[in-house]
Each structure stands twice: as C-alpha cells, then as structure tokens.
A.B. asks: 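Before we start, here is the structure in question, set down as structure tokens.
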Amino acid sequence: MGVNTYSVAKDGQKQVSKNFKVREFACKDGNDQVLIDQDLVAGLQKIRDYFAKETIINSAYRTASHNQRVGGSSKSQHLLGKAADIRIEGVAPLLIAQYAEFLAMGGVGLYSTFVHVDSREGKVRWDQRSGTQKAVNTFGGQDKFAVQSADYQAVQSRFGFDDNTMAYLSQYKFAEALLQKLATKA
C-alpha cells in the first residue's frame, strides 16, 4: 500500500480508516507534515475492530529531532510513519501484543502501559516491561487467536474473566487447553 504524506493543517480531520484520522498520527512536536503507512493503519483498524474499543495512539510519526528528544532509536520505524505506540483502556498490553502478533505485524514491542506495533518487513519482538529491552520470539498470539475469537469471548463472558485474566491464562499451555475446553461448553 505504501506511505502517504499529509499536512495536519490541511488533512488533520481526514479519515485514513473507519476509526482513525490523520491528526492522531501527527508528531507531538507540532510539525505539520505527517507520514502514515497504510499497512500500519490497516493493522491498527483490525486491532480496534477486534477489541471494539477506542485504540489510543500515544505516538506515531516522529520527526528526527523529536525522536532523538524522546530517546527513540536512530532506525526507528516511527521516523518512516510505519509505527505507533498504542493502548486500549481496560485491555492488558499483553493481550494487545498477542493480537498484533496474530495479525503478523512486523514489529511488536511490549511495554508496561502500551504496545509498539509497526509495519516493517520481517518479524521483530521485544519485551520492555522490566525497563530493560529483551528480545523475545513470541507473545503467544499465534496460538491464542487461532481459536475462534467468539469462543474466547463466550468463555470470558460466561466465567466473568477480565482481559488481564484471559491474557495471563493464555500464556500457559494447560490454561490454553482449559480455555478451549470451556469454549466448547460455553
């Protein structure tokens, strides 16, 4: 799809998908230019649709000077308009990371209060919840979301599990098997 260039002043209210506008991707330094990758937008929209809750973009496109000021990598996907740091009220960051992995997004970084997602070529995963970045192979999203999401939602609803509990349980194979068994009885 590619990266498009927008102007906040001219295009800020323009919808780039059903639930996202150009202004949400703007650099926090007030720069008028915004780069937005359409593959990133497609992934964010899928995340928004799945959780059926507002997906808040903390940071997306960054100018080089702003990226340096916030301590971003000199090779950050934010500089290319291909990355967003997101959060969803009431949804555990681990669960968001698992779903982003299920979607096969290029980069997925898990932090204590948000998730970094990007549309780079290839797969990169990291966990920075401890404050130190650690490379990981998976967050378990490929296995978890292979089960029909309706099944998980039925189990969650029937047994009153919140998103944090579902994310916690999905990390363990025995719990995964139990959730699948419960889903068939829901």
Side-chain angles (χ1 to χ4, degrees), residues 1-28 31-63 66-67 72-73 75-111 113-128 136-153 163 166-167 170:
M1 288 190 207
V3 176
N4 294 326
T5 302
Y6 298 94
S7 158
V8 175
K10 185 176 136 192
D11 306 312
Q13 293 301 316
K14 182 178 181 174
Q15 296 285 146
V16 290
S17 76
K18 182 173 74 174
N19 294 103
F20 294 99
K21 294 181 179 182
V22 168
R23 66 179 163 74
E24 296 176 83
F25 294 84
C27 184
K28 303 299 183 205
N31 191 302
D32 185 57
Q33 179 177 292
V34 184
L35 302 179
I36 305 173
D37 181 62
Q38 293 308 302
D39 289 334
L40 173 65
V41 172
L44 291 173
Q45 188 61 54
K46 287 176 184 174
I47 291 169
R48 166 66 175 84
D49 290 344
Y50 178 78
F51 290 104
K53 293 183 176 184
E54 179 184 13
T55 300
I56 301 158
I57 299 174
N58 297 334
S59 177
Y61 172 68
R62 294 181 190 158
T63 61
H66 183 70
N67 188 61
S73 164
K75 296 180 181 179
S76 173
Q77 297 295 305
H78 289 278
L79 297 167
L80 306 172
K82 293 180 154 214
D85 297 337
I86 62 171
R87 65 185 172 82
I88 301 172
E89 290 295 324
V91 179
L94 176 59
L95 193 59
I96 299 167
Q98 288 174 331
Y99 191 65
E101 183 169 343
F102 170 73
L103 294 175
M105 296 197 76
V108 181
L110 179 58
Y111 295 79
T113 59
F114 68 92
V115 177
H116 168 100
V117 294
D118 68 53
S119 56
R120 74 180 79 195
E121 295 292 323
K123 176 183 165 182
V124 179
R125 305 287 182 261
W126 68 91
D127 187 339
Q128 194 152 338
V136 295
N137 291 326
T138 182
F139 294 113
Q142 292 170 330
D143 295 336
K144 177 184 190 322
F145 290 99
V147 176
Q148 293 292 329
S149 61
D151 293 342
Y152 270 90
Q153 290 169 351
D163 288 331
M166 293 296 285
S170 69

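Treat the numbers as computed from the prediction; the structure is a model and nothing was measured.
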A.B. asks: Output all residues satisfying side-chain contact (heavy atoms from CB on, under 4.5 Å) with Gln13, sequence neighbours left out; order by chain, then residue number.
C.D. replies: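 Gln13 satisfies side-chain contact (heavy atoms from CB on, under 4.5 Å) with Lys21, Arg23 once adjacent residues are dropped.
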A.B. asks: Quick one: are Val117 and Leu103 in side-chain contact, heavy atoms under 4.5 Å?
C.D. replies: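 Side chain of Val117 against side chain of Leu103, heavy atoms only: no contact under 4.5 Å found.
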A.B. asks: So how far is it from Tyr6 OH to Tyr61 OH, rounded to the nearest 0.5 Å?
C.D. replies: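 If we round to the nearest 0.5 Å, Tyr6:OH and Tyr61:OH are 14.0 Å apart.
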A.B. asks: Sequence neighbours excluded, which residues qualify as ring-ring contact (aromatic ring centres under 6.0 Å, His included) partners of His116?
C.D. replies: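 By the ring-ring contact (aromatic ring centres under 6.0 Å, His included) rule, His116 matches His78, Trp126.
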A.B. asks: Can you tell me how far the CG atom of Asp11 sits from the CZ atom of Phe25, to the nearest 0.5 Å?
C.D. replies: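 Taking CG in Asp11 and CZ in Phe25, the distance rounds to 13.0 Å.
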A.B. asks: Less than 4.5 Å apart, any side-chain heavy atom of Lys28 and any of His66?
C.D. replies: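 Yes; the side chains approach each other to less than 4.5 Å.
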A.B. asks: Distance check, rounded to the nearest 0.5 Å: Phe20 atom CZ versus Thr55 atom OG1?
C.D. replies: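 Here the rounded value is 4.5 Å.
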A.B. asks: Quick one, Ile57 and Leu44 - any side-chain contact, counting heavy atoms below 4.5 Å?
C.D. replies: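 Touching, per the 4.5 Å side-chain cut-off.
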A.B. asks: So which heavy atom on Ala100 is nearest to which on Val108, and how close?
C.D. replies: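 What the structure gives for the nearest pair is CB-CG2, 3.9 Å.
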A.B. asks: Any chance you could measure Glu121, atom CD, to Lys82, atom NZ, to the nearest 0.5 Å?
C.D. replies: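 Those atoms lie 6.0 Å apart.
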A.B. asks: Please give me the minimum heavy-atom distance between Ser73 and Leu79, naming the atom from each residue.
C.D. replies: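 Heavy-atom minimum between the residues: O-CD1, 4.2 Å.
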A.B. asks: Could you tell me the separation between the CD atom of Glu101 and the CG atom of Leu110, rounded to the nearest 0.5 Å?
C.D. replies: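 So the gap between those two atoms works out to 10.5 Å.
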A.B. asks: If you look only at pairs with a residue in residues 36-47, which of them pass as a side chain to side chain donor-acceptor pair (under 3.5 Å), with sequence neighbours excluded?
C.D. replies: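 Listed by first then second residue: Ser17-Gln45, Asn19-Gln45, Asp37-Ser119, Gln45-Asp49.
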A.B. asks: Quick one: list whatever passes side chain to side chain donor-acceptor pair (under 3.5 Å) with Arg48, sequence neighbours left out.
C.D. replies: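 Arg48 satisfies side chain to side chain donor-acceptor pair (under 3.5 Å) with no residue once adjacent residues are dropped.
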A.B. asks: Work out which heavy atom in Val8 is nearest to a heavy atom in Asn31; give both atom names and the distance.
C.D. replies: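 Looks like CG2-O, 3.9 Å.
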A.B. asks: Check the surroundings of atom NZ in Lys14: do more than 12 heavy atoms from other residues, nucleotides or ligands lie under 6.0 Å from it?
C.D. replies: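 For Lys14, atom NZ is not crowded (no more than 12 foreign heavy atoms under 6.0 Å).
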A.B. asks: Of all the heavy-atom pairs spanning Leu35 and Leu80, show the shortest one and how long it is.
C.D. replies: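 Looking at all heavy atoms of both residues, the shortest contact is CB-O, 4.1 Å.
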A.B. asks: Rounded to the nearest 0.5 Å, how far apart are CG of Asp32 and SG of Cys27?
C.D. replies: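 Rounded to the nearest 0.5 Å, the CG-SG separation comes out at 11.5 Å.
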A.B. asks: Could you tell me which residues satisfy salt bridge (charged side-chain N to carboxylate O under 4.0 Å, His left out) with Asp85, sequence neighbours excluded, listed by chain and number?
C.D. replies: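 Salt bridge (charged side-chain N to carboxylate O under 4.0 Å, His left out) check on Asp85 returns Arg62.
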A.B. asks: Mind checking ring-ring contact (aromatic ring centres under 6.0 Å, His included) for Phe114 and listing every partner two or more places apart, or none if nothing turns up?
C.D. replies: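 Phe114: ring-ring contact (aromatic ring centres under 6.0 Å, His included) contacts with Tyr111.
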A.B. asks: Show, in sequence, the C-alpha distance, side-chain angles and deciding distance for Ile88 and Ile47, and conclude whether the side chain to side chain contact (heavy atoms under 4.5 Å, CB included) test is met.
C.D. replies: CA-CA 10 Å; Ile88 301 172; Ile47 291 169; 3.9 Å; yes
A.B. asks: Please find the pair of heavy atoms, one from Ala83 and one from Leu40, that lie closest to each other, and give the distance.
C.D. replies: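 That would be N-CD2, 3.5 Å.
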A.B. asks: What is the minimum heavy-atom distance between Asn137 and Arg125, and which atoms define it?
C.D. replies: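 Shortest heavy-atom separation between Asn137 and Arg125 comes out as O-CG, 3.9 Å.
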